[in-house]
Amino acid sequence: MMGSNVAPNIAIAAEGLGKKYLIGHESADQSRTLRDAVSGAARKFGRSAVNMMRGQAIIAGEQIEEFWALRNLDFTIEQGDVIGVIGRNGAGKSTLLKVLSRITEPSEGRVTIRGRVASLLEVGTGFHPELSGRENIFLNGAILGMTRGEIRRKFDEIVDFAEVERFLDTPVKRYSSGMYVRLAFAVAAHLEPEILIVDEVLAVGDAEFQKKCLGKMHDVAEHGRTIIFVSHNMTAVKSLCTKGIMLEGGMIRTTGSIVDVANEYEKKGVQTSTYEASGSSKKPTCFRRISTEFHDGALHTAIDIASASKDRMIVNLRLRDYLGSPIGMASLGGYDPELMVELHPGDNRFVITMPCPTMANGRYFLDLDLERPYNHMVDQVVDNLSFEVSRVPAAHARLLQSGWGAGSVELSAQMVRSNEPTASIASRALTAPSV
Amino acid sequence: MNTTPSSPPQRLATGEPATAAIAAPGEVTFILEAGRADRNYWADLWRFRELFAILAWRDVAVQYKQTVIGIAWALVRPLLTTLIFTGLFSRIARLPSEGDTPYPLMVMAGMLPWFLFSTILTSASGSLTSNSNLISKVYFPRLIVPAASAAVAMVDFMITLVILFALMATYSFAPSWHLIALPLFIVFVILAALGPAFMMAALSVSYRDFRFIVPFFVQFGLYVSPVGFSSKVVPESWRTIYALNPMVGIIDGFRWCLLGGNAQLDFVNLAIGLAVTLAFLWLGIRTFRATEKTFADLV
C-alpha cells in the first residue's frame with residue numbers, strides 16, 4: 001500500500017499503531033562469589049557481542065521483556081480539531097506524541113499525517129546557557145522548524161510576549177527560571193505549523209503566564225490549526241480542547257467530545273488510593289509504594305521510598321481538586337530545610353499526616369514530589385492517587401461539597417449586629433480582633 | 001493492567017469512511033511506518049539547512065567561551081605539534097623533507113588535513129550523544145547533527161591555514177599556481193572524514209564502546225598517515241597498499257598544493273584514496289540512515 005488513502009479533511013490517521021520497547025531486568029539473586037560474578041559478566045559480554053553483530057541495541061539486565069507503550073491505536077483527527085490526550089502517567093501519552101512528531105518510529109501499524117508538524121514536548125529545547133537571549137531565540141526557533149526570515153519577522157512580538165527586552169544580550173544562564181520559561185514559550189507560541197503537538201509545557205511558569213500561554217493557544221486554535229495537547233491540568237484541557245482521547249495502558253479507552261472523555265477520566269480516578277512503582281519506571285531512588293486515606297479530618301499517607309544512598313530530600317504533597325486545579329501544597333523540607341526527610345540506603349517507610357479539617361467533601365487528587373534542594377526532581381507521582389473527603393456534618397448542619405463549584409475550602413465567619421459605619425468596623429477589626 | 005479488547009477504529013471525526021484521496025498539491029503528506037524509508041529525506045535535509053547553519057554557528061560561538069586564551073587555542077595545538085614532529089622526525093630520526101622544503105612547513109602542510117580529518121571524526125562521532133536533548137525532543141534529519149559539528153572543525157582549519165601562510169612568509173617560501181587546487185583537496189578530506197564520522201556517530205549511540213575506540217583510532221592514524229614525514233620514506237613496493245589510507249593521497253595533495261614543485265602527485269594513489277573515501281561515505285550514510293530512527297529511543 002503506497003500513498004495516502006485517507007479523506008482529504010483528515011490531518012492525522014492512525015491504523016493499528018503500536019510502539020514496543022525492550023526492557024531488561026536484573027535477576028533478583030545477586031552473585032555471591034567471584035566465580036558467579038565472572039561467569040555472569042562473561043555471559044553478558046557474549047550476549048552484547050551477539051546483539052552487536054546482529055545490529056541490535058544492548059539491553060542491560062538479565063531477563064529481557066517486551067513492553068508495549070502503545071498498542072492497537074486507531075483514530076483519526078480532522079483538520080482544525082483541538083484534541084486533548086489524557087491518561088495517567090505511563091498510559092502512553094508521551095510515547096504517542098513522540099511517534100506523531102516523528103521523533104521515534106512506530107513498531108507496528110501506520111500513521112498518515114497531512115500537513116507540517118511542529119512539536120513542543122519541552123520548553124526551551126536546545127537553549128544554550130552560554131548564548132544570549134537574542135541568540136537563543138534564533139537557535140530555538142530554528143530547532144522548532146522556523147526559518148530565519150520568519151523569526152526575524154516575529155522577533156519583536158516574541159520579545160514582547162516574553163517580557164525580556166532588557167536582558168536580550170545577557171546569557172540565558174543568568175536568567176531567572178521564570179524569564180527562561182517565558183522566553184522559551186514565547187518562541188514556541190509563535191510557531192505557525194498546520195499541526196501543533198504540545199506536551200505538558202504549561203506546568204512551568206507562574207499562573208499569570210500560564211493564562212497568557214493558554215490565551216495564545218486559543219488564538220492558534222481559532223486559526224483553524226490542528227492541535228494535540230497533553231496536560232494534567234484538566235481545567236486547561238477542558239477549556240482549550242473540543243475533543244479528547246483517553247489512553248490507558250497504551251490503548252485507547254475512550255474518544256469523543258472532551259466533556260465526555262474528561263468525565264470518564266475523572267470517574268476512573270476514583271478507585272485509586274494506592275500507587276506502586278511499575279517495573280519499567282523504577283529508578284534507584286524513587287517512591288516505591290504509596291497509599292493514602294482520609295479519615296478523622298486528616299489525610300494519612302504511607303510512603304515507601306527506595307533510596308540508593310544515605311541522603312536528605314524534600315517531599316511535597318500537592319492537592320488538586322476534581323477539575324485538576326491546584327488547591328494547596330504541604331512540603332516537608334521545601335520551606336524549612338530542618339524538616340527534610342532523612343533517607344537510608346534501601347527502603348524507607350514514612351507515615352505523613354496532613355490535617356485538612358475544613359476541606360469540602362468530594363474527590364481530590366494527591367501528587368507527590370521527591371526532590372533535592374533547588375528543584376532537582378528525583379521522582380514524581382502525578383495523577384495516580386486520589387482520595388475522598390467525607391466529613392460527617394454535625395446535626396442539622398451541611399458541609400460544603402466540592403461539586404458545588406464554590407471551591408475546596410470551607411471557610412468560617414462570625415456575624416454580630418451593628419449600627420456603626422462600616423469604615424470604622426473594618427479598621428477596628430484589623431487592630432483588635434475579638435472572637 | 002488494561003483488559004480492554006482491541007476496539008474497531010474509533011473515529012473522532014464524523015465517521016466518514018476512509019477513502020482514497022490524492023493530497024492537494026503543495027501539501028506535505030507523510031506516512032510513518034516501521035522500517036519505512038523516508039522518500040522526502042533529502043528534501044527534508046535541504047529544508048532544515050538553516051538548522052544546520054545555526055547549530056554549526058552555536059558550536060563555534062560556544063567553543064571558546066569561558067576560556068582564558070580563547071581562540072588562541074586554535075594556534076597552540078598545530079604550532080606545538082609541528083615543533084615536536086620536526087624535532088622527532090627531522091632531528092632525531094633524520095628523515096628527509098619533500099625536496100628542499102623546510103621540514104616544519106612540510107609537517108604543517110600535512111597536519112592541516114590531518115587535524116581537519118581527526119577533529120571532524122572526533123566531534124561528529126560524539127555529537128549525537130552530546131545533543132541527546134535535541135534528538136529526544138524534536139524531529140529533524142539527524143544527519144544534520146554530525147554534519148554541523150564537522151563545520152566547526154572548518155574554523156580551526158582556517159586558522160591553521162593562516163598560520164601556515166604566516167610561517168611560509170617567515171621562511172620566504174612562495175606558493176606556486178598549484179594553490180588553486182587546494183579547495184578540491186579540502187572537499188576531499190571533508191568527504192574522507194564524513195564517511196567514518198557518520199558511521200561512528202551512529203554506532204556510538206547504541207554502543208558506547210566507540211567513545212573509547214575513536215580517540216584510539218585517531219591517535220593511531222596520526223602515525224600511520226604521513227603527517228610527520230613524507231610519504232616518500234615508505235618503500236616503493238608498499239606505496240599502493242599505503243594509498244588505501246585515503247589520508248596518504250590527501251596529505252600528498254595538500255603538500256603538492258601548498259609547497260609547489262617540491263612535492264609530487266601520484267594520480268593512481270589519489271584515485272585509490274578517492275575510491276576508499278567514497279566507499280566509506282556510502283557505508284557511513286547507509287549505516288546512519290538504517291539506525292537513525294531508533295536514536296531517540298537509545299540516546
Side-chain angles (χ1 to χ4, degrees), chain A residues 3-10 13 15 21 52 55 57-58 71-72 74-78 81 83 98-99 101-117 119 121-122 125-126 128 130-131 135 138-139 142-145 147-148 243 245 248-253 255-256, chain B residues 1-4 6-14 16-24 27-36 47-48 50-55 57-58 61-62 65-66 131 133-140 203 205-209 287 290-291 293-298:
Chain A
S4 64
N5 57 346
V6 288
N9 60 333
I10 299 296
E15 301 155 60
Y21 288 101
M52 189 170 160
I58 297 169
R71 195 98 204 238
N72 288 332
D74 292 287
F75 59 87
T76 56
I77 295 173
E78 279 188 5
D81 276 352
I83 304 276
K98 277 193 175 178
V99 170
S101 44
R102 301 169 73 187
I103 293 164
T104 183
E105 193 184 39
S107 315
E108 60 173 37
R110 66 141 91 189
V111 187
T112 311
I113 299 181
R114 184 143 342 121
R116 206 150 275 163
V117 179
S119 55
L121 301 194
E122 179 189 62
T125 303
H128 200 291
E130 298 283 350
L131 299 176
E135 291 165 333
F138 281 93
L139 175 62
I143 287 168
L144 294 174
T147 64
R148 223 166 343 167
K243 292 172 183 168
I245 297 179
E248 195 179 77
M251 301 198 213
I252 293 183
R253 188 181 162 86
T255 62
Chain B
M1 237 0 257
N2 182 294
T3 51
T4 319
S6 77
S7 44
Q10 286 158 328
R11 307 234 168 252
L12 294 172
T14 45
E16 215 173 295
T19 51
I22 296 141
E27 211 171 40
V28 228
T29 301
F30 41 91
I31 295 170
L32 316 178
E33 227 171 3
R36 187 190 181 91
R47 197 162 67 75
F48 278 89
E50 286 195 351
L51 180 62
F52 164 79
I54 213 150
L55 284 183
W57 162 82
R58 174 198 71 178
V62 163
K65 280 207 176 161
Q66 278 210 3
N131 283 293
N133 59 330
L134 287 190
I135 287 168
S136 58
K137 297 290 179 193
V138 201
Y139 166 79
F140 52 86
L203 287 171
V205 172
S206 326
Y207 314 109
R208 300 290 151 94
D209 307 57
T287 315
T291 49
K293 285 182 178 174
T294 62
F295 287 170
D297 298 333
L298 297 173

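These values consider heavy atoms only, across backbone and side chains, with no hydrogens, waters or symmetry-generated copies. Protein chains get the first letters and strands the later ones, always in sequence-line order, with residue 1 at the start of each.
Below 30°, between 30° and 60°, or above 60°: for B/Phe48 and B/Phe140 the angle between ring planes is between 30° and 60°, a tilted geometry.
Looking at A/Thr147, both its backbone and its side chain come within 4.5 Å of chain B, counting heavy atoms on both sides. If you measure heavy-atom distances from A/Thr104 to chain B, the contacts under 4.5 Å come from both the backbone and the side chain. For B/Ile135, the part lying under 4.5 angstrom from a heavy atom of chain A is the backbone only.
Of the residues considered (A/Glu135, A/Lys98, A/Glu105), A/Glu105 shows the highest number of contacts with chain B, using heavy-atom pairs under 4.5 Å. The choice from B/Ala61, B/Ala296, B/Ala290, B/Ser136 that makes the most heavy-atom pairs within less than 4.5 Å of chain A is B/Ser136. Counting heavy-atom pairs under 4.5 Å between each of A/Leu144, A/Val117, A/Val111, A/Leu139 and chain B puts A/Val111 at the top.
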Go through B/Thr291 and B/Leu298 one step at a time and tell me if the side chain to side chain contact (heavy atoms under 4.5 Å, CB included) criterion holds. CA-CA 10 Å; B/Thr291 49; B/Leu298 297 173; over 6 Å; no
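In this structure, the side chains of B/Asn133 and A/Thr125 stay at 4.5 Å or more apart for every pair of heavy atoms.
A donor-acceptor contact shorter than 3.5 Å is absent between the side chain of A/Glu130 and the backbone of B/Val62.
Residues passing the ring pair (Phe, Tyr, Trp, His ring centres under 6.0 Å) test with B/Phe30: none are found, sequence neighbours excluded.
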